Amino acid sequence: MSTIIDSRLGRAAAEGLPGPRGLPLIGNLHQIRFDRLHLALEDWASEYGPLYQIRFGPHRVAVLSDRAEIQRLLADRPNGFRRPSYLEAAASEMRLKGVFAAEGEEWRRQRRIVVDALNRARIEDFFPKLTTTVGRLQRRWERAADAGELVDLCRDLMRFTVDVTTQLAFGIDINTLETSGPTIHRHLAKVFPVLHRRLNSPFPYWRFIRLPADRELDRALDALELEFAAMVKAVRERLEREPGRRQSPRDFLEAIIIEMEADGSRVTNEEIFANLGNLLLAGEDTTANTIAWTVHLLTGNPDWIDRCRREIDALTALNSPGVESFEQTKRMPVIDAVSSESMRLKPVAPLHMLEPLNDTRILDHEVPKGTTIFMLLRHLATRDEHFVHGDRFDPERWLLRQDARHGPHDHRAFVPFGAGPRFCPGRNLAMLEIRTVLAMLCSNFDVLPVNRAGVSEQVAFTMFPANLFVRMRRRKRP
Ligand code: HEM
C-alpha cells in the first residue's frame with residue numbers, strides 16, 4: 001500500500017504507515033528525551049520496521065533504517081536530496097553556514113576547496129606535525145598519571161583534535177594542549193548542544209526569547225569570530241611575506257583567502273568564518289569522541305588492548321613512544337579493526353537527516369518534498385541481518401577473510417562517515433589521528449576505568465560518552 005508522509009501542516013496524515021501513537025498537538029514529543037533521541041528512534045525501529053513515522057508537534061518525520069534505501073538517498077545528492085532546510089536556517093542564524101550546511105552551487109564550490117585541503121598528500125606531509133601534537137597529548141597524560149589525577153578523556157581529546165585541525169586546515173599551531181587559559185575548544189563546546197536543541201525544537205523559541213544557553217552561545221560565537229579574525233590576519237601576513245604560496249596554497253585558509261581576493265570572487269568574510277567553524281566543529285567532536293568511545297570499549301576488553309599493544313610493539317623500535325612513520329600507520333590491522341568496531345557500535349553520528357527536493361517514493365511510500373527523513377545509521381550497522389551477533393564487540397570480524405566468516409558481514413550497512421557525494425572529506429585525517437593516538441596510548445599507558453558502568457550515550461549533534469573519566473598509569477615494559 002502506498003501512503004503519504006508530510007512534514008508540513010495541513011496535508012493529509014499518513015495512512016497505513018506505522019509509528020508510535022502520539023498526543024494531539026505535541027505528537028510524540030512527550031516520549032522523547034532529546035539528548036537520547038537516537039535510543040528512542042532505534043527502539044521504535046525494532047517495533048515498527050524499516051520505515052515508520054513520528055510527530056514532533058505538528059511536523060511529521062519519516063524514520064528510515066533500510067540499507068539499500070539509505071545508500072540510495074545518500075548517493076542522490078545534491079540533486080534529489082539535501083540536508084534539512086531547517087539545518088541550513090539554524091546554521092545561518094548561528095553564523096555557521098559553511099560547507100556542511102550549504103547546498104547546490106554554493107556547496108560544490110566550498111566542497112572543492114575543503115576536499116583539496118584534506119587530500120591524502122597533504123595528510124601525509126602533515127604527519128610530522130601530527131606526531132608532535134600526539135607527543136604533547138602523551139606528556140599531558142604522563143603528568144596526570146604521575147599526579148594520580150582523573151583524566152577527562154573527551155576534554156583532552158578535543159584539545160588534541162582542535163590543535164590538529166587548526167594546524168592542518170589553517171596552518172596555525174594554537175597548542176591548546178599546553179595552554180591553560182580559555183581556549184577555542186571551550187567556545188566550540190557551546191555550539192553543538194544549542195544546535196541540537198534548535199534542530200529538534202518544534203518551535204523557533206530563540207527568535208523570540210534568548211535563554212541563558214542562547215546568550216552564552218552568542219558570546220561564544222563572538223569570541224570565535226575574534227579568534228578567526230586573528231587567524232585570517234596571520235595567514236594574510238604569511239601570504240604577503242611568502243607570495244610564492246599564492247601559486248599553490250598549502251591549506252584551506254590560504255586557498256579560501258586567495259579565492260576571496262580573486263577578481264569577481266563571491267567569497268565573503270562571513271563565508272570564511274562559517275567554514276572555519278564548520279571544519280573545526282566537523283573535525284573536533286567527531287574524532288575526539290570516536291577515540292574516547294574506542295578507549296571506553298577497550299577498557300572493557302583488556303585482551304584487545306594486549307593485541308593492539310603487541311601490534312604496535314612489533315611495528316616500532318624497542319621503547320618507542322608510538323608510531324614513527326606515516327608508512328607504519330598503514331600497517332595496523334588490529335587497531336583498525338578495533339576502531340571500526342567502535343564506530344559500528346558507538347558511531348558519533350548514529351542518525352543522519354535528509355530532506356527530498358521533490359515528491360518521491362521510499363520503500364513504496366510516497367514522501368512529499370520537504371519531509372524530514374531520519375536515517376538510523378547505528379541501528380543499521382548493529383542488526384544481525386547485516387553483521388553476525390550485531391550487538392557484540394568483536395573486532396575479529398574485521399580481520400577475518402570472507403571465506404572464514406560464519407554469517408553476514410555487509411560493508412554497505414556500515415557508513416560511519418556517510419556515503420555518496422557528501423561523504424566525510426575528513427575521513428583520512430580522522431583515521432590517522434585515531435591510529436596515532438591509540439598507538440601512543442597502548443604503547444605508554446595502562447588505562448584504568450573510573451565508574452565504567454556510569455558512562456552513557458548522549459547526543460548533542462554528535463553522540464558522546466557522558467561521564468567518561470579514567471586514570472592513566474605509565475606502562476611497565478617487560
Ligand atoms: C571519526 C571522525 C569523523 C566522523 C565519524 C565523521 C563523520 C561525518 C559524517 C557522517 C558526515 C556526513 C556525511 C554525509 O552527509 O554523507 C561528515 C561530513 C563532514 N565531515 Fe566528517 N567525520 C569525522 C571527522 C572529520 C574531520 C577530521 C573533518 C575535517 C577536519 C571532517 C569534516 C567534515 C566535513 C567538512 C563534512 C561536510 C561534507 C559535506 O557536506 O560535503 N570530518 N562527517
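In each ligand, atom 1 is the first atom listed, and ligand 1 is the first ligand listed. Please read all numbers here as calculations on a predicted model, not as lab measurements. Count residues from 1 along the sequence.
- Of the protein's non-hydrogen atoms, the one nearest atom 37 (C) of ligand 1 is Phe100 CD1, 3.4 Å.
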> For Trp398 and Phe387, what are the C-alpha separation, side-chain angles and deciding distance, and is it a ring-ring contact (aromatic ring centres under 6.0 Å, His included)?
Replying inline: CA-CA 11 Å; Trp398 299 98; Phe387 289 96; 5.7 Å; yes
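- Between Pro416, Gly98, Ser342, it is Pro416 that holds the heavy atom closest to atom 7 (C) of ligand 1.
- Of the protein's non-hydrogen atoms, Gly283 CA, 3.4 Å is the one closest to atom 26 (C) of ligand 1.
- Closest protein heavy atom to atom 4 (C) of ligand 1: Phe417 CE2, 3.4 Å.
- Contact between Arg197 and Ala213 at its shortest, heavy atoms only, is NH2-CB, 3.9 Å.
- At least one N or O atom of Ala419, backbone or side chain, sits closer than 3.5 Å to an N or O atom of ligand 1.
- By the 3.5 Å distance cut-off applied to N or O atoms, Glu433 is not counted among the residues near ligand 1.
- For Arg77, the closest heavy-atom approach to ligand 1 falls below 4.0 Å.
- Among protein heavy atoms, the minimum distance from atom 29 (C) of ligand 1 is reached at Leu118 CD1, 3.8 Å.
- Of the protein's heavy atoms, Arg422 O, 3.2 Å lies nearest to atom 13 (C) of ligand 1.
- In this structure, a donor-acceptor pair under 3.5 Å is absent between the side chains of His185 and Glu284.
- In summary, the atoms of ligand 1 found under 4.0 Å from a heavy atom of Val348, numbered by their order in the structure, are 5 (C).
- At under 3.5 Å, not a single nitrogen or oxygen of Thr290, backbone or side chain, sits near a nitrogen or oxygen of ligand 1.
- In this structure, atom 24 (C) of ligand 1 lies nearest to the protein heavy atom Thr286 OG1, 3.4 Å.
- For Asp173 and Lys129, the salt-bridge test fails: no basic side-chain N is under 4.0 Å from an acidic carboxylate O.
- One side chain, Gln53 or Arg60, offers a donor N or O that lies under 3.5 Å from an acceptor on the other.
- Using modelled atom types, one finds no donor on one side chain facing an acceptor on the other under 3.5 Å when comparing Glu355 with Thr371.
- Each of Thr382, Leu351, Val415 was checked for a side chain to side chain contact (heavy atoms under 4.5 Å, CB included) with Leu377, and the lone residue meeting it is Val415.
- Between the side chains of Glu341 and Trp304, no donor-acceptor pair of N or O atoms lies under 3.5 Å.
- Closest to atom 25 (C) of ligand 1 by heavy atom, among Ala282, Pro425, Ala430, is Ala282.
- Every heavy atom of Asn278 sits 4.0 Å or more from the atoms of ligand 1.
- Put simply, the side chain of Arg344 gets close to the backbone of Gly390: a donor and an acceptor are under 3.5 Å apart.
- Summary of contacts: the protein heavy atom closest to atom 38 (C) of ligand 1 is Arg111 NH1, 3.4 Å.
- Minimum heavy-atom separation, Thr133 to Leu177: O-CD1, 3.6 Å.
- Residue Trp107 approaches ligand 1 through these ligand atoms, each under 4.0 Å from one of its heavy atoms: 39 (C), 40 (O), 41 (O).
- Near Val99, with a cut-off below 4.0 Å to any heavy atom, the atoms of ligand 1 are 35 (C), 40 (O).
- The protein heavy-atom contact nearest to atom 8 (C) of ligand 1 is Cys424 CB, 3.6 Å.
- Assignment of His352 to the shell around ligand 1 is supported, since a heavy atom sits closer than 4.0 Å.
- Remark: side-chain polar atoms of Thr132 are paired, donor with acceptor, to backbone N or O of Pro128 under 3.5 angstrom.
- Within the 4.0 Å heavy-atom cutoff, Arg83 counts among the residues contacting ligand 1.
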> For Phe34 and Phe56, what are the C-alpha separation, side-chain angles and deciding distance, and is it a ring-ring contact (aromatic ring centres under 6.0 Å, His included)?
Replying inline: CA-CA 11 Å; Phe34 279 99; Phe56 283 174; 5.6 Å; yes
